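Residue numbers begin at 1 in each chain, while the letters A, B, ... track the order of the sequences. Treat the numbers as computed from the prediction; the structure is a model and nothing was measured.
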Amino acid sequence: MNGPLPLSNPMAPRDERGMPVPLTESEHIAALKGKLLKDIQRSAYVYRVDCGGCNGCEIEIFAAITPVFDAERFGIKVVASPRHADILLFTGAVTRAMRMPALRAWQAAPDPKISVSYGACGCSGGIFHDLYCVWGGSDKIVPVDVYIPGCPPTPAATLYGFAMALGLLDQKLKGTHQIEGEADRAVVAHPAIALDVRVEIEREARRLAGYRAGRLIADEFLTLASETDLTLDECMKRRLSGEEDPRLAEILTRLWDIGAGVARG
Amino acid sequence: MSVSEQTKVGQNYVDGLRERFGAAILETEWQTADQVTVTVKLGSLPDVVEWLYYQQGGWLSVLFGNDERPLNGHFAVYYVLSMEGLVKSWVVVRALVEEHRPEFPSVTPRVPAAVWGEREIRDMYGLVPVGLPDERRLVLPDDWPEDLHPLRKDAMAYNQRPAPTTDDETYTFVNEASGSTRDVPLGPLHITSDEPGHFRLFVDGEDIVDADYRMFYVHRGMEKLAETRMGYDEVTFLSDRVCGICGFTHSVAYSSAVENALGLAVPARAQAIRSVFLEVERLHSHLLNLGLASHFVGFDTGFMQFFRVREKAMTMAELLTGARKTYGMNLIGGVRRDIMKDERTRTLKLVAELRAETTQLIDMLLSTPNLRERTAGVGVLSKQVARDYSPVGPLVRASGFKRDVRDLHAYAGYGSLPFDVHTEDSCDVLGRVLVRAREFFDSLAIIEHALDNLPAGPVLLEGFHYQPHRFALGFAEAPRGEDIHWAMTGDNQKLYRWRCRAPTYANWPPLRYMLRGNTVSDAPLIVASIDPCYSCTDRVTLVDVKKRKSTTVPYKEIERYGRERKNSPLK
């Protein structure tokens with residue numbers, strides 16, 4: 001050690017360029033943490049630290065602790081002070097202005113404590129990861145034990161994340177590796193229909209009904225058109241008779257017009 | 001876009017300006033039929049804005065700077081006025097600032113609503129508002145170096161991170177009280193607002209004499225991000241992330257800004273679907289705020305009940321958009337999802353359930369004696385302060401002003417949807433609760449009407465041409481007030497400048513006046529009544545100036561005291 005840096009502050013460590021670096025935990029604390037998880041046998045108290053979130057995460061945490069999802073069933077209780085907390089929940093990308101307040105909250109919580117990164121921004125900084133006023137995810141300033149991803153995570157994902165933090169559940173993460181066989185070929189949908197027609201139908205359906213419903217409708221139309229023995233007009237008349245959704249009928253009729261136009265050349 | 005003479009709305013304001021200020025009016029340019037940008041001489045900027053604001057029924061929606069040196073060699077400042085006199089339109093006052101003389105006359109002494117915007121221009125562009133009494137930073141953090149202004153085009157890369165200059169908070173809070181007071185800071189890792197903020201209450205015994213606050217703890221640099229790393233069409237998804245509650249409103253405001261700038265006509269069905277999604281957002285946001293109002297008057301059962309019912313609104317959002325947050329639904333020129341019959345039927349069923357259950361809950365809330373007792377006459381926003389500061393949303397409506405952009409400057413499908421603009425004259429917290437409750441039921445009616453009358457046709461406009469250096473305003477009424485976006489397209493399919501103003505930005509400055517004269521136990525209630533988003537909680541330090549004693553108590557303690565009003569932590 002060459003003596004303290006001009007701005008050295010044990011609570012907020014910096015590297016030689018003066019940039020903040022994450023806090024670390026000693027082995028002793030890590031061992032204590034394992035013991036805590038094993039022998040907790042009581043409710044776990046959670047303190048929320050908003051490091052610069054948009055509130056989406058905060059509201060979903062609210063949703064997780066209110067009657068419909070009710071995290072308190074599992075003894076998970078949100079508390080008002082970091083001094084009572086077993087678990088610290090960091091939301092949002094860490095902004096410059098929130099670095100010190102967040103570090104103070106971390107320091108205030110008694111050891112051993114479990115830190116959870118919550119939401120896409122908490123886990124990695126999200127879309128804001130490299131901005132001038134942001135340091136990145138919460139693991140850029142504190143040691144993190146559990147990540148709960150999502151933008152924002154649903155209340156169900158929140159409960160699952162808490163259970164993982166407490167060691168009640170293992171992470172259900174498994175890797176599989178897909179190897180393409182010699183004869184494997186990606187199958188083109190509706191090969192009987194010419195490519196440009198197919199593209200035109202799919203585009204029109206998407207323009208009318210959006211990416212999700214449009215895809216389903218185009219698929220249905222192309223299946224009908226390619227698998228029928230009847231003429232297109234006959235087939236569509238049958239399909240549309242008794243159709244109860246006027247919007248679906250409108251879109252199918254429009255696709256039928258396009259199909260009929262192609263058939264006429 | 002060329003706007004024909006006959007369709008121009010707001011020509012009277014331009015004529016009035018020419019008549020009154022003559023040679024000071026340099027140029028007028030119409031962006032849409034009711035949006036005009038008037039370039040004036042820098043020296044007459046305060047006069048022009050003041051005349052439009054006070055003499056012509058204007059309200060200052062947003063103001064911002066722009067580094068136009070690559071375009072015309074100057075900086076520019078823009079003051080956006082929503083004209084709400086006899087003719088409803090938008091007038092944007094623009095003035096150019098010379099590069100070698102980076103200062104402009106402050107409008108704040110004439111129109112107090114300009115205060116935050118001018119402080120932000122100083123932070124982000126280094127242009128000095130001459131005559132602005134408040135010389136503190138607004139947006140940039142305390143550890144940011146002096147003389148580095150992020151939004152100047154030649155200042156820095158969007159991802160350049162200067163090392164922090166300090167680990168301490170150096171912001172000074174202003175106390176305008178005449179006698180001696182105690183300091184009550186709420187924060188910095190603390191409870192109220194879209195972003196974490198730091199409040200300082202100056203109290204005499206139990207009474208708040210003055211208050212000051214520091215926001216922008218979550219300033220991340222989104223505007224710079226939008227101008228650099230992202231394409232203009234991707235910014236719709238970034239604007240969703242401005243706010244976790246009213247994100248969709250922001251993306252509607254942003255997309256319509258670009259659509260207005262490029263002169264795009266969005267299909268009627270897409271407009272109607274946008275209105276439905278916007279109202280779904282209002283449903284869950286208003287339920288959230290009504291729940292919090294219950295919580296802060298000590299009616300926690302009500303809080304839990306409102307949150308239980310709120311889940312139905314979340315289910316509705318999930319049903320219609322695929323996620324509990326209405327994120328990622330907007331594109332420039334339309335929306336990404338249609339509403340089919342099955343979704344419509346299920347939504348209508350949820351609407352009926354929400355109406356029945358919320359009616360019951362609101363009856364219960366309003367017949368709780370505690371509510372009226374705690375909220376009537378508390379947190380008064382006087383009409384004069386409201387007029388001076390241009391607040392928005394239920395806050396200004398509860399002070400008797402009929403301000404709602406859905407009605408004033410109809411956008412999306414609102415021209416043909418049934419709703420009233422609800423106002424109250426009581427100017428207090430109770431008035432805001434009542435306005436929200438009524439708006440909730442209007443939102444249900446709007447959703448029903450829109451779903452029963454969805455126009456036919458496409459949900460997306462395709463095949464338009466992108467043009468650089470076009471600009472316009474976009475706006476949308478979020479649950480807590482209007483969102484205003486101003487976008488200017490630039491080269492390489494990137495924005496040249498994006499200015500986004502969330503409603504809470506307009507509602508903070510008058511809060512100080514609402515807190516004055518109330519008791520400490522009412523502070524959380526008053527802050528909640530402007531419906532900032534509740535994002536974090538922290539401690540409260542009580543400083544007794546008379547006794548030279550400082551005590552720190554948890555925020556929860558103040559909140560508890562706010563609810564129970566027993567065992568004051570000040571003693």
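For chain A, the nearby parts of Met222(B) are the backbone and the side chain; heavy atoms of each come within less than 4.5 Å. The contact between Glu60(A) and chain B is made entirely by side chain atoms (from C-beta outward), counting heavy-atom distances below 4.5 Å. Within the 4.5 angstrom heavy-atom criterion, only backbone atoms of Gln160(B) (N, CA, C, O) approach chain A. Neither the backbone nor the side chain of Phe237(B) comes within less than 4.5 Å of any heavy atom of chain A. For Ile217(A), the part lying near chain B is the side chain, with the backbone staying farther off; criterion is any non-hydrogen pair under 4.5 Å. In this structure, chain B has no heavy atom under 4.5 Å from any part of Cys57(A). With a threshold of 4.5 angstrom between heavy atoms, Ile251(A) approaches chain B through side-chain atoms but not through N, CA, C or O. Looking at Arg337(B), the atoms closer than 4.5 Å to chain A (heavy atoms on both sides) sit in the backbone and in the side chain alike. Heavy-atom distances place both the backbone and the side chain of Tyr158(B) under 4.5 Å from chain A. Only the backbone of Arg206(A) comes within contact range of chain B, with heavy atoms under 4.5 Å apart. In this structure, the portions of Ala209(A) lying under 4.5 Å from any heavy atom of chain B include both its backbone and its side chain. Of the two parts of Glu343(B), only the side chain, counted from C-beta on, holds a non-hydrogen atom closer than 4.5 Å to a non-hydrogen atom of chain A. Both the backbone and the side chain of Pro162(B) come within contact range of chain A, judged by heavy atoms closer than 4.5 Å. Residue contact with chain B, scored on non-hydrogen atoms closer than 4.5 Å, involves the backbone of Arg17(A) exclusively.
Expressed to the nearest 0.5 Å, how far CG of Asn55(A) lies from CD1 of Ile245(B) amounts to 5.5 Å. If you take SG on Cys54(A) and CG on Asp240(B), they are separated by 9.5 Å, rounding to the nearest 0.5 Å. The CG atom of Asp342(B) sits 11.5 Å away from atom CD of Glu244(A), with the distance rounded to the nearest 0.5 Å.
Using a 4.5 Å cut-off on side-chain heavy atoms (C-beta onward), Arg229(B) and Ile127(A) make contact. Residues Arg336(B) and Arg212(A) fail the side-chain proximity criterion, which asks for heavy atoms closer than 4.5 Å.
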Q: I would like to know whether Cys121(A) and Arg241(B) meet side chain to side chain contact (heavy atoms under 4.5 Å, CB included); could you show each step before the answer?
A: CA-CA 10 Å; Cys121(A) 298; Arg241(B) 270 82 183 171; over 6 Å; no
Q.
salt bridge (Lys or Arg N to Asp or Glu O under 4.0 Å) for Arg344(B) and Asp245(A)? Distances and angles first, verdict last.
A. CA-CA 10 Å; Arg344(B) 202 180 72 211; Asp245(A) 184 349; 5.4 Å; no
Q: Could you walk me through whether Arg247(A) and Lys341(B) pass side chain to side chain contact (heavy atoms under 4.5 Å, CB included), step by step?
A: CA-CA 7 Å; Arg247(A) 176 66 178 164; Lys341(B) 188 179 179 219; over 6 Å; no
(Q) Is there a side chain to side chain contact (heavy atoms under 4.5 Å, CB included) between Arg324(B) and Thr154(A)? Walk through the geometry before answering. (A) CA-CA 8 Å; Arg324(B) 288 163 57 88; Thr154(A) 62; 4.2 Å; yes
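For the options Asp338(B), Val335(B), Leu331(B), heavy-atom pairs under 4.5 Å to chain A are most numerous at Asp338(B). Between chain A and the options Thr345(B), Asn159(B), Ile339(B), heavy-atom pairs under 4.5 Å are most frequent for Asn159(B). Note: Asp130(A) leads Leu208(A), Asp130(A), Thr66(A) in heavy-atom pairs under 4.5 Å with chain B. The candidate with the highest count of non-hydrogen atom pairs below 4.5 Å against chain B, out of Pro152(A), Ala93(A), Ala213(A), is Pro152(A). Of all the listed residues (Met230(B), Met340(B), Arg269(B)), the one sharing the greatest number of non-hydrogen pairs under 4.5 Å with chain A is Arg269(B). In terms of non-hydrogen atom pairs under 4.5 Å with chain A, the most contact-rich of Gln305(B), Arg308(B), Met304(B) is Met304(B). In terms of heavy-atom pairs under 4.5 angstrom with chain A, the leader among Tyr327(B), Phe303(B), Phe307(B) is Phe307(B). Counting heavy-atom pairs closer than 4.5 Å to chain A, the top residue among Leu460(B), Ile273(B), Val459(B) is Val459(B).
Nearest heavy-atom pair across Ala163(B) and Gly18(A) is CB-O, 3.6 Å. Considering every non-hydrogen atom in both Gly457(B) and Glu250(A), the closest pair reads N-OE2, 2.8 Å.
For Arg96(A) (side chain) and Asp143(B) (main-chain N/O), a donor-acceptor pair under 3.5 Å exists by modelled atom type.
Annotation: cation-pi geometry not satisfied between Arg161(B) and Tyr132(A) (NZ/CZ under 6.0 angstrom from ring centroid, within 45° of ring axis).
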